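Please read the structure below before turning to the comments.
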2 protein chains.
Amino acid sequence: MADQSQPPLTRIQQKNRDLILEGALSVFSVNGFRGATIDQIAEAAGLSKPNVLYYFASKDDIHKTLLTTLLDMWLAPMVRIDPDGDPLEEVMTYVRAKLEMSRRYPRESRLFAYEILQGAPHLTEILGGGLRQIVDRAAAILQGWMDDGRLAPVEPRHLIFSIWALTQHYADFEVQVRAVLGPGHDPFVEAGPFLDNLYRKILGV
Amino acid sequence: MADQSQPPLTRIQQKNRDLILEGALSVFSVNGFRGATIDQIAEAAGLSKPNVLYYFASKDDIHKTLLTTLLDMWLAPMVRIDPDGDPLEEVMTYVRAKLEMSRRYPRESRLFAYEILQGAPHLTEILGGGLRQIVDRAAAILQGWMDDGRLAPVEPRHLIFSIWALTQHYADFEVQVRAVLGPGHDPFVEAGPFLDNLYRKILGV
DNA sequence: GTCTATAGTCAGATAGAC
DNA sequence: GTCTATCTGACTATAGAC
């Protein structure tokens, strides 16, 4: 998963790669992989098209690099669930972290949504491998808490799906949410207490 | 919203249009609008590419027709919420209907997901118009029940978002759900009692 | 390392025979 | 109504000058 002993990058190389990935994130997250063009990415990065392809072998290469780079950050909050912490507080902390990520990083959320919708062509091995292990660990912790009577019993994996679905919905379906709520509403601010109440009621003993 | 007094279609016209829309649904729901090609649609429909374009003016036309045709069906369960019914049962019926739609019509779910992700270029007026009215009506009914103490008080629109998010997640992110659960699980079967329990706990008085 | 120019490919849409 | 053939534009990727 880590660097395969790449030659070290010069400062300018690092900076341009970062510019390209940043621009590509904006473009891919709006139109998806097929909807994005290298021209748009180059424009967003402030570089010429051939120069983009000097740093990355292909459009596919950019996309794959983005996905794998961002996956760790995306899963970090779940890894931080502490088996020795207070059960309800650990879950609430995870929910809040996930909602905050949807608020701050909607582009990343949409990037992953596009990838999963398409059948996760670039992430298949990770879905059944690393991701599954991380979820298994979290599910085991939750199950232990439920067995000890410290959380109300629910299917732990579906509980996790519910957290993903409810928090990412505000990023992925933001247009719809805003259209329904109308002006003068901040979906993310309103979602905070709503989700807080929801998970306290489901998991409280 | 209804037919604009089109000339009547012959039986063969109707059949071919249906074939095209059925094939296009399969293609668009996998790859999104930009990822789909007319060739793929023609192949799925069992027709030649020019013949597809004989029945529809453009790829965009097919897509727009699909979306508007399916929107009514998609929103039907919410329209059926009955203000004179039993509050909790009305909500549970809606949740079950929505989950059943995700199970039976995952392609439709993904088609809408792609459209919203892209910023709903074909649905903007509907999102702020018809959809909003339907949601407003449902939210008013829910709010009334909460005011009468027949449902636990929660923000009604976010309650509706939660139902959309939780049920559609099983269709839109099906690959991920299956990868995490592993073989031998039926996500939709397991989701039924999970969501049942969840909404009873949130809304029970 | 970065650019201009362009090769090669693919997809949307049309023309015209049958 | 349906087909083959084709036009046109857009896009990825490369070649080669600087």
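Computed from a predicted structure; not experimentally measured. Side chains are part of it too, since the values below use all heavy atoms of this structure and drop only hydrogens, waters and symmetry mates.
Axis angle between the ends of the helix from dG1(C)-dC18(D) to dC18(C)-dG1(D), five pairs each and rounded to 10 degrees, works out to 10°.
For the pair Pro187(B)/Arg178(B), a side-chain contact is recorded, criterion being any heavy-atom separation below 4.5 Å from C-beta on. Residues His122(B) and Asp60(B) have side chains in contact (heavy-atom distance under 4.5 Å, counting atoms from C-beta outward).
Among pairs with a residue in residues 32-51 of chain A, those fulfilling salt bridge (charged side-chain N to carboxylate O under 4.0 Å, His left out) read Asp39(A)-Lys49(A), at least two apart in sequence or across chains. Among residues at least two apart or in separate chains, ring pair (Phe, Tyr, Trp, His ring centres under 6.0 Å) pairs with a member in residues 29-52 of chain A are Phe28(A)-Phe33(A), Phe33(A)-His63(A).
When all heavy atoms of Ala179(A) and Gly128(B) are compared, the closest pair comes out as CB-N, 4.2 Å.
Each of Tyr105(B), Trp74(B), Trp164(B) was evaluated against Phe112(B); a single residue qualifies, Trp74(B), per the ring pair (Phe, Tyr, Trp, His ring centres under 6.0 Å) test.
Surrounding NZ of Lys201(A) are more than 12 heavy atoms belonging to other residues, nucleotides or ligands, all under 6.0 Å away. For Arg104(B), the CZ atom is loosely surrounded, since the number of other residues' heavy atoms within 6.0 Å does not exceed 12.
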Please enumerate all protein N or O atoms sitting under 3.5 Å from an N or O of nucleotides 3-7 of chain C, with distances to 0.1 Å.
from: dC3(C); atom 1: OP2; to: Ser48(A); atom 2: OG; distance (Å): 2.6
from: dC3(C); atom 1: OP2; to: Asn51(A); atom 2: ND2; distance (Å): 3.4

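Using a cutoff of 4.0 Å between basic side-chain nitrogens and carboxylate oxygens, Glu22(A) and Arg107(A) are scored as salt-bridged.
Within a heavy-atom distance below 4.0 Å of DNA chain D, the residues of residues 23-39 of chain A found are Ala36(A), Thr37(A), Ile38(A). Of the residues in residues 53-63 of chain A, those lying under 4.0 Å from DNA chain C by heavy-atom distance are Tyr54(A), Tyr55(A).
Aromatic ring orientation, Phe161(A) versus Tyr170(B): perpendicular (interplanar angle above 60°, classes split at 30° and 60°).
Under the 3.5 Å distance criterion, the side-chain polar atoms of Glu155(A) are matched with a main-chain donor or acceptor of Arg157(A). Using a distance-only test at 3.5 Å, with no hydrogens or angles considered, no donor-acceptor pair links the side chain of Gln133(B) to the main chain of Gly130(B).
Residue Asn16(B) places its side chain closer to dT2(D) than to any other of dT2(D), dG1(C), dG1(D).
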